[in-house]
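Read through the structure below, which is laid out as structure tokens, and then see the notes.
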Amino acid sequence: MSASDYAITGRPDVPLANILDFGMDTISLAGTLPAKLDAVQQAGFSQIMVSARDIVAHPEGLDAATQAIRTSGLRVTGFQVLRDFEGLPGHLHKYKIDVAKSMLEMCQAVGSKVLLVCSSTSTHATNDPAAIARDLRKLAMLAIPLGIKVAYEGLSWGRTINEFTAAWDIVTRADAPNLGIGIDSYHILATKTSLDDLDLLFPEMIFLVQLADFMWQEVPTAEERITTARHFRVFPGEGVHSEALANLVKSLDRIGYRGDYSFEVFNDDFQQMPLPTVAARARRAALWLAEDVLRRAVPLPNQIRLRRGSRAQTPPM
């Protein structure tokens, strides 16, 4: 049976060591936290991206939520999301520091080593890169004692930082060992940022890569980007940007990135579908990326990656 056959059948008993780098995000699934965790594991994934809402909304409380995650058998890819943190004045900055401390505590509680921070959209935030870098360095220093890395992601509708190139400039200005960049394919596709700029990055400072596609060619306005991002993303291989997304993943692999890939797929339709059905779609996307794009062979002992140079194939549907 081929990898594509595995993807179609969705059998949870098929060994999937070649997709260990890929994981789902709880935001793609409806239902309770335990049900989400079970669906992701049954689909053959070994990791999951967790939201603060998963923790605070758990009917049995914070401790029960963290226990469910820690005993699920899934590794936590990252914890999200701290918003509108950097560049704020006075009392607003102090308020956000308190929010950040709470996020860091929950991040540590669920066993995550990465906190995702999105670039600010606040009209109250300065556009001074020195101030933005200073605030992110302060956040990184708060995270060090907890053993947490901070991944800074440029939203495509961010007020000042809206491309990964701008986010990278801030990260290098801040110069903190546990502050790196988060890459989100959606924002790269939305802004049409050149993949050539990935060569500017140090692969060891890419702390998280999130992948998703969408169904139309362009999202020219901030309003369209926000609406599409929050309601109409699809899994890699399901949208109209498969070639560009494949090129992104291959480019990251070429520059030496060996970290995690998380499917950040906000989709209102998926919230009305059975969890196993959605998880099977994610599994199919992971197999397409692993087998056809990255050209990983059946894993050898110690999970050695075999890379064969050939073009990405059309994603299995």
Could you tell me whether a side-chain N or O of [X] sits under 3.5 Å from a main-chain N or O of [Y], the two making a donor and an acceptor?
X	Y	value
Q41	S72	yes
T66	L62	yes
D184	V209	no
R137	A174	yes
R233	E264	yes
E86	L139	no
R283	A43	yes

* To do: Test R284 against E238 for salt bridge (Lys or Arg N to Asp or Glu O under 4.0 Å), laying out the working first.
  => CA-CA 10 Å; R284 181 172 61 195; E238 294 185 332; 3.2 Å; yes

Side-chain donor-acceptor pair present, [X], [Y], cut-off under 3.5 Å:
X	Y	answer
N162	S119	no
T193	T191	yes
T227	E224	no
Q47	T77	yes

* Structure fact -> By ring pair (Phe, Tyr, Trp, His ring centres under 6.0 Å), F232 pairs with (sequence neighbours left out) W216

* Listed partners of Y186 passing ring pair (Phe, Tyr, Trp, His ring centres under 6.0 Å), at least two apart ->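 Applying ring pair (Phe, Tyr, Trp, His ring centres under 6.0 Å) to Y186 gives F214.
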
Least distance between heavy atoms, [X] atom then [Y] atom:
X	Y	answer
G154	A167	N-CB, 4.1 Å
G147	K113	O-CD, 3.8 Å
D84	S122	OD1-N, 3.5 Å
F266	A229	CB-O, 3.2 Å
G23	F45	CA-CD2, 3.9 Å
G87	D135	N-OD2, 2.7 Å

Interatomic distance, [X] atom [atom1] to [Y] atom [atom2] [nearest 0.5 angstrom]:
X	Y	atom1	atom2	answer
D21	L294	CG	CG	8.5 Å
S185	L248	OG	CG	6.0 Å
L74	D38	CG	CG	9.0 Å
I170	I181	CD1	CD1	10.5 Å
I226	S156	CD1	OG	8.0 Å
L201	I183	CG	CD1	5.5 Å

* So V278 and F235, side chain to side chain contact (heavy atoms under 4.5 Å, CB included) or not? Walk me through it. -> CA-CA 10 Å; V278 179; F235 290 107; 3.9 Å; yes

* Please determine which of D268, N267, D269 meets the side chain to side chain donor-acceptor pair (under 3.5 Å) test together with H231. => D268

* Kindly indicate, with the supporting measurements, whether the criterion side chain to side chain contact (heavy atoms under 4.5 Å, CB included) is fulfilled by L289 and Y261. => CA-CA 10 Å; L289 290 167; Y261 295 91; over 6 Å; no

Evaluate the side-chain proximity of [Y] to [X]: yes if any heavy-atom separation is below 4.5 Å, no if none is.
X	Y	answer
Q80	D25	yes
M103	M106	yes
I148	Q108	yes
F79	L104	no
D213	S242	yes
S262	F22	no
L136	V171	no
R230	R225	no

Are [Y] and [X] linked, directly or through intermediate hydrophobic residues, by side-chain heavy-atom contacts shorter than 4.5 Å (ILVMFWY only)?
X	Y	result
L208	V150	no
L195	F164	yes
V99	I132	yes
I206	V76	yes
M49	V265	no

* Using side chain to side chain contact (heavy atoms under 4.5 Å, CB included) as the criterion, point out the one residue from L115, V110, L116 that pairs with S112. => V110

* Asked: What do the steps show when you test T126 against T160 for side chain to side chain contact (heavy atoms under 4.5 Å, CB included), and what is the final call?
  -> CA-CA 8 Å; T126 180; T160 301; over 6 Å; no

* To do: Begin with the C-alpha distance, continue with both residues' side-chain angles, and end with the deciding distance and a verdict on salt bridge (Lys or Arg N to Asp or Glu O under 4.0 Å) for E218 and K192.
  => CA-CA 9 Å; E218 296 185 351; K192 299 184 178 180; 2.8 Å; yes

* Restricting to pairs with a member in residues 93-104, which pass side-chain hydrogen bond (donor to acceptor under 3.5 Å, both in side chains), not counting sequence neighbours? ->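 Found H93-K138.
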
* **Salt bridge D253-R258, side-chain N to carboxylate O under 4.0 Å** =>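 Here D253 pairs with R258 in a salt bridge, since their nearest N and O are under 4.0 Å apart.
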
* Asked: Would a line drawn from the ring center of W168 to the ring center of Y152 be shorter than 6.0 Å?
  -> no

* Could you pull out all residues at least two apart from A35 that satisfy side chain to side chain contact (heavy atoms under 4.5 Å, CB included)? =>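 So A35 forms a side chain to side chain contact (heavy atoms under 4.5 Å, CB included) with T32, L275.
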
* Candidate pair L29 and M24, rule side chain to side chain contact (heavy atoms under 4.5 Å, CB included), full reasoning -> CA-CA 9 Å; L29 299 165; M24 289 190 68; 4.0 Å; yes

* Enumerate the residue pairs fulfilling salt bridge (charged side-chain N to carboxylate O under 4.0 Å, His left out) with a member in residues 46-74, sequence neighbours excluded, ordered by first and then second residue. => K36-D54

* Apply salt bridge (Lys or Arg N to Asp or Glu O under 4.0 Å) to E153 and list each qualifying residue two or more places apart in sequence or on a separate chain. => none

